[in-house]
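Indexing begins at 1, ligand by ligand and atom by atom, following the structure's order.
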Amino acid sequence: MNKELIEFIRDHYKTKDFIPLHEPSFDHREEEYVLETIKSTFVSSVGTHVDSLEKKIAGYTGSPAAVATVNGSSALHIALKLAGVKHNDLVITQPLTFVATCNAITYCGASPIFIDVDKNTLGMSPTALDTWLSDHAYIDPDNLCRTIKEDKVIRACLPMHTFGHPADLDGLNEVARRWKLILVEDAAESLGSFYKGRHTGTIGTLGILSFNGNKIITTGGGGMILSNNSIAKKAKHLTTTAKTQHHFEYNHDEIGYNYRLPNLNAALGCGQLEKIEKLIESKRSLAGKYNTLFKNSSIQFITEPPQCRSNYWLNSIICEDQEQRDELLEFTHKNSVMTRPIWRLMNYLPMYKHCLRGSLKNAEWLEQRVVCLPSSAQLGEQD
Ligand SMILES: *Cc1c(COP(=O)(O)O)cnc(C)c1O
């Protein structure tokens with residue numbers, strides 16, 4: 001299987017050189033927008049591209065509003081603040097995620113609680129969430145969800161759409177509502193992924209996207225907060241140093257952040273967003289081929305959950321066991337094809353190992369078996 005895999009990947013990308021896991025693709029359009037931005041001198045926090053990128057992302061995702069930020073991590077930080085997360089609060093998330101998810105919780109002075117994921121979606125399991133809350137939490141007279149033992153407020157629930165595959169949002173929404181938790185979606189990896197026709201990141205009260213260099217589209221570094229209009233207004237205020245509106249005076253009414261996406265980065269993003277559907281088409285076609293390749297093997301290719309359209313940002317497989325996984329990783333690396341195991345679970349990291357958690361059986365099982373495969377999109381010659 002390993003040899004066949006290398007042959008397949010080399011044939012697909014038509015190169016004998018090193019094949020990365022994911023690389024961005026640019027053409028004339030991005031060059032044109034970036035150059036024009038440099039010439040205009042509006043390279044920083046004010047400019048037409050940053051406003052335009054917000055409008056286009058809102059339009060594409062169907063979100064009432066979108067606020068651009070310097071990266072996905074800062075978007076998450078502000079989203080959690082606007083969800084009301086305070087010092088000493090708790091926020092429920094999944095152990096199978098990129099560390100930025102947990103770090104954002106910590107930036108608010110809160111701590112994560114780790115709840116297991118579904119084996120099918122790789123996202124937070126609504127059943128595991130409800131079970132843990134039933135055993136460990138109660139609703140106080142002020143309608144706040146609190147832990148029984150520590151009597152701390154659990155303010156929000158932060159699931160993540162792993163590799164672009166939507167989590168079970170109906171299930172999570174229902175449990176979060178019942179337990180008075182604000183649902184915030186980490187949709188950093190899932191631009192272009194839809195759950196029952198609705199874009200990921202628009203179903204919770206807030207959602208965030210990332211435009212880091214390894215994501216499906218990039219602004220170099222960048223992110224976006226998705227929310228309704230009144231929350232977006234606060235998000236814009238907080239991410240622009242909480243400066244009050246005035247044509248020349250400097251006045252700030254709270255501690256804000258310098259988190260606004262520069263116009264130069266937004267210019268790149270506007271060019272990228274124009275071809276998002278082509279990128280997804282290319283990725284979905286590659287996913288289909290990977291799926292066929294693994295059909296009669298002991299390896300399971302991870303496909304989009306039912307009633308979802310996934311962007312297949314990173315194609316990934318589940319090996320039979322850790323031994324098979326390690327062999328595959330070694331073999332591909334020796335053959336200059338980049339593959340990666342999934343993240344170390346958050347509850348094993350030194351800064352998060354003391355956090356509350358439920359049974360993490362599925363996350364542990366997946367951690368030993370999942371491998372990400374080369375997933376760059378290929379766009380034909382364009383002008
Ligand atoms: C990329 C990513 C982020 C953070 O985005 P940055 O733009 O790199 O700060 C957050 N969460 C997840 C799951 C990610 O994959």
- [ ] Compile the protein residues with any heavy atom at a distance under 4.0 Å from an atom of ligand 1; present them by chain, then by number.
- [x] N71, G72, S73, T97, F98, A100, T101, M160, D186, A188, E189, S210, N212, K215, G222
TODO: Over 60° means perpendicular and under 30° means parallel, so classify the ring planes of F294 and Y290, tilted if in between.
DONE: parallel
Task: Sub-6.0 Å ring centroid separation between F248 and H246 - done: yes
Task: Donor-acceptor under 3.5 Å (S134 side chain, D130 main chain) - done: yes
Open item on the list: I'd like to check the ring-ring contact (aromatic ring centres under 6.0 Å, His included) partners of H49; sequence neighbours left out, ordered by chain and number.
Closed with: Y33
Task: Residues which pass side-chain contact (heavy atoms from CB on, under 4.5 Å) with S111, listed by chain and number, not counting sequence neighbours - done: L90
TODO: Would you please name every residue forming a side chain to side chain donor-acceptor pair (under 3.5 Å) with S376, sequence neighbours left out?
DONE: none
